[in-house]
Amino acid sequence: MSHHTIHLFRKGLRLHDHPTLLAALRSSRRLYPVYILDLQFISSAMRMGPLRWHFLLQSLEDLHRSLCRLGSCLLVIQGPYEAVLRERVRRWGITQVTLDAEVEPFYREMEANIRCLGQELGFEVLSLVGHSLYDTKRVLDLNGGEPPLTYKRFLHILSLLGDPELPVPSITAEDFQSCQPPGPGLAERFRVPLPADLEMPPESLSPWRGGETEGLQRLEQHLTDQGWVTTFTKPRTAPNSLLPSTTGLSPYFSLGCLSVRTFFHRLAKIYAQAKHHSLPPVSLQGQLLWREFFYTVASATPNFSSMAGNPLCLQISWAQDAERLHRWRTVFEELLLDADYSINAGNWLWLSASAFCHRYRRILCPVRFGRRTDPEGHYIRKYLPILKNFGSKHIYEPWTASEEEQKQAGCIIGRDYPFPMVNHEEVSDHNLQLMQQVREEQHRTAQLTRDDTEDSVELSVRPEHSEDLPRAKVARVAE
DNA sequence: TCGGAGTTGATTGT
DNA sequence: ACAATCAACTCCGA
């Protein structure tokens, strides 16, 4: 075939195991590898902090260099994606746009818009799944159209599908030979921007350098230690150890600098050579399957990343506190290097007992958790050096140290370091009650619907506004 | 319909 | 430091 094709990179910033790019090359005589840097789209759909911006730019630069080595290049075009695409399709006489299929609503909407544009301008659109182990639709189909909501059930469905497909061969210079690259003028005009071009600090502070090259190196490094790979057990890893106790590959998977199928099958090979190996959910393969689990559920759940309109999520009337939200935002969300729509939302749903995990009385206390897993507080001493002179007794609760002790540690709480945002005891107790109320409410409505269907009259005499009653009363009424 | 199980708890007692 | 106990909700499979 002889398409003039734009391959539109969104995730999938790699040349190994890239089915869509391979299909693009094989069906085209001219290929434009394009990344559209749509600042409006990126800032509204994804919440990118500087750390991730650096990672993205490094990944694009790495992709550009790899494409150059194969006789092509990456064109990074800034502007609103629809306008950019419209113009390029016209100028380059494009007959096909290829892109990886993704599960996020904002990426799906983008694909739908591109398909509309294709109808209008007369180009074909090809999208293949490259970012997950399976096509999530197949899992949904086998589960009766619904996403499996427990890991066990999910594994069962996967067992019906068999192993994920093998990775496709890496792209080589040969693949590009029958395909004309963009002219040198274009490469010059649409260079990968520098951080300064986007008004960012020039240097990244992160030791995780973005890009397929670095990702593959890290992957290989981990796979050399066969013992570590085969005995890996997630609950035995330490979230606050100074040396990472997990692979640290998640940022590379989140942008598709690494292929999960490649990792999966490399692990399978190592498992096959070993006498014993750990198993899902705690094994390394099990971690990839957790990712897959959350991708699958997210792909079939509206508003997966919020509470409102999310059918899986317990609906709680949380206190609205803009100030606290702002503080939480600035310390947590934008700093995630491996932020991923499905996994991040899935884990918050889990950890908050809003979905998946229903034992909501198990509440993690940040102080106790820290003391148990890192009694000396090495992690805090390294990353919050302002606190490093407190003794182990106070390192997790420096506000309980006496004035004298604070002076001695050279850190006055309230001046050099903030007071706690909340009183954990109070707040967790309050939230527990909120959740209990919601659940009681749910039980009652479920009961009512059941009674209705059974045409039972006597049981339908229940207070209509019982949510206003104190909890004890509600409980009694519900009996 | 019922019992068992759920990737990473807290508390109390030894 | 470690083990037993607590307390407890939903989903799934038998």
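Residue numbers begin at 1 in each chain, while the letters A, B, ... track the order of the sequences.
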For A:Ser204, the side chain to side chain donor-acceptor pair (under 3.5 Å) test, sequence neighbours excluded, returns none

Atom CG of A:Asn347 and atom P of B:dT7: how far apart are they, to the nearest Å? 12 Å

Could you tell me which residues satisfy side chain to side chain donor-acceptor pair (under 3.5 Å) with A:Ser402, sequence neighbours excluded, listed by chain and number? A:Glu405

Using the C1' atom as the point on both nucleotides, what is the distance between B:dT8 and C:dC12, in whole Å? 22 Å

Quick check on side chain to side chain contact (heavy atoms under 4.5 Å, CB included): which of A:Leu8, A:Val192, A:Leu13 does A:Tyr35 satisfy it with? A:Leu13

With side chain to side chain donor-acceptor pair (under 3.5 Å) as the test, would you mind laying out the steps for A:Arg291 and A:His131 before giving the verdict? CA-CA 11 Å; A:Arg291 176 185 188 275; A:His131 196 66; 3.0 Å; yes

Reckon A:Arg153 touches a base, only the sugar-phosphate, or nothing at all at heavy-atom distances under 4.0 Å? sugar-phosphate

Rounding to the closest angstrom, what is the interatomic distance between B:dG6 and C:dA7 at atom P? 22 Å

Between A:His358 (NE2) and B:dG6 (P), how many Å, whole number? 13 Å

Test side-chain contact (heavy atoms from CB on, under 4.5 Å) on A:Leu37 and A:Leu198; report intermediate values, then the result. CA-CA 11 Å; A:Leu37 201 60; A:Leu198 301 173; 4.2 Å; yes

Tell me the interatomic distance from A:Arg359, atom CZ, to B:dA5, atom C1', rounded to whole angstroms. 8 Å

Using the rule for Phe, Tyr, His and the six-membered ring of Trp, do A:Trp290 and B:dT7 stack at under 5.5 Å and under 30°? yes

For the pair A:Ser66 and A:Glu212, evaluate side chain to side chain donor-acceptor pair (under 3.5 Å) and give the outcome as yes or no after the intermediate values. CA-CA 9 Å; A:Ser66 302; A:Glu212 177 185 25; 4.5 Å; no

Between C:dA8 and B:dA5, how far apart are the C1' atoms? Round to whole Å, please. 13 Å

Span of DNA chain C in contact with chain A (heavy atoms, under 4.0 Å): C:dA8 to C:dG13

Between P on B:dT8 and CH2 on A:Trp348, what's the gap in Å once rounded to a whole number? 17 Å

What is the distance, to the nearest angstrom, from the CZ atom on A:Phe154 to the P atom on B:dG6? 17 Å

Restricting both atoms to N or O, compile the protein contacts to nucleotides 10-14 of chain B shorter than 3.5 Å, with distance only.
| from | atom 1 | to | atom 2 | distance (Å) |
| --- | --- | --- | --- | --- |
| B:dA10 | OP1 | A:Ile363 | O | 2.8 |
| B:dA10 | OP1 | A:Cys365 | N | 3.0 |
| B:dA10 | OP2 | A:Arg372 | NH1 | 3.1 |
| B:dT11 | OP1 | A:Arg368 | NH2 | 3.4 |
| B:dT11 | OP2 | A:Arg368 | NE | 3.0 |
| B:dT11 | OP2 | A:Arg368 | NH1 | 3.2 |
| B:dT11 | OP2 | A:Arg368 | NH2 | 3.2 |

Do A:Arg371 and A:Glu397 sit within salt-bridge range, that is, some charged N less than 4.0 Å from a carboxylate O? yes

From CZ of A:Phe232 over to C1' of B:dT7, roughly how many Å is that when rounded to an integer? 10 Å

What integer distance in Å separates A:Leu351:CG from B:dT7:C1'? 12 Å

Strictly by modelled atom types, are A:Asp340 and A:Tyr295 linked by a side-chain donor-acceptor pair under 3.5 Å? yes

Pair A:Arg218, A:Tyr252 - check side chain to side chain donor-acceptor pair (under 3.5 Å), show working. CA-CA 10 Å; A:Arg218 284 175 178 264; A:Tyr252 301 92; 3.3 Å; yes

Only residue of A:Val438, A:Asn310, A:Leu349, A:Leu312 satisfying side chain to side chain contact (heavy atoms under 4.5 Å, CB included) with A:Ser354 is A:Leu349

Base-pair map of DNA chain C as dot-bracket, where | denotes pairing with a different strand and pairs are Watson-Crick or G-U under 3.5 Å: ||||||..||||||

Passing option when A:Trp290 is tested against A:Phe356, A:Phe154, A:Trp350 for ring-ring contact (aromatic ring centres under 6.0 Å, His included): A:Trp350

For A:Thr301, which residues count as a side chain to side chain donor-acceptor pair (under 3.5 Å) partner, sequence neighbours excluded? none

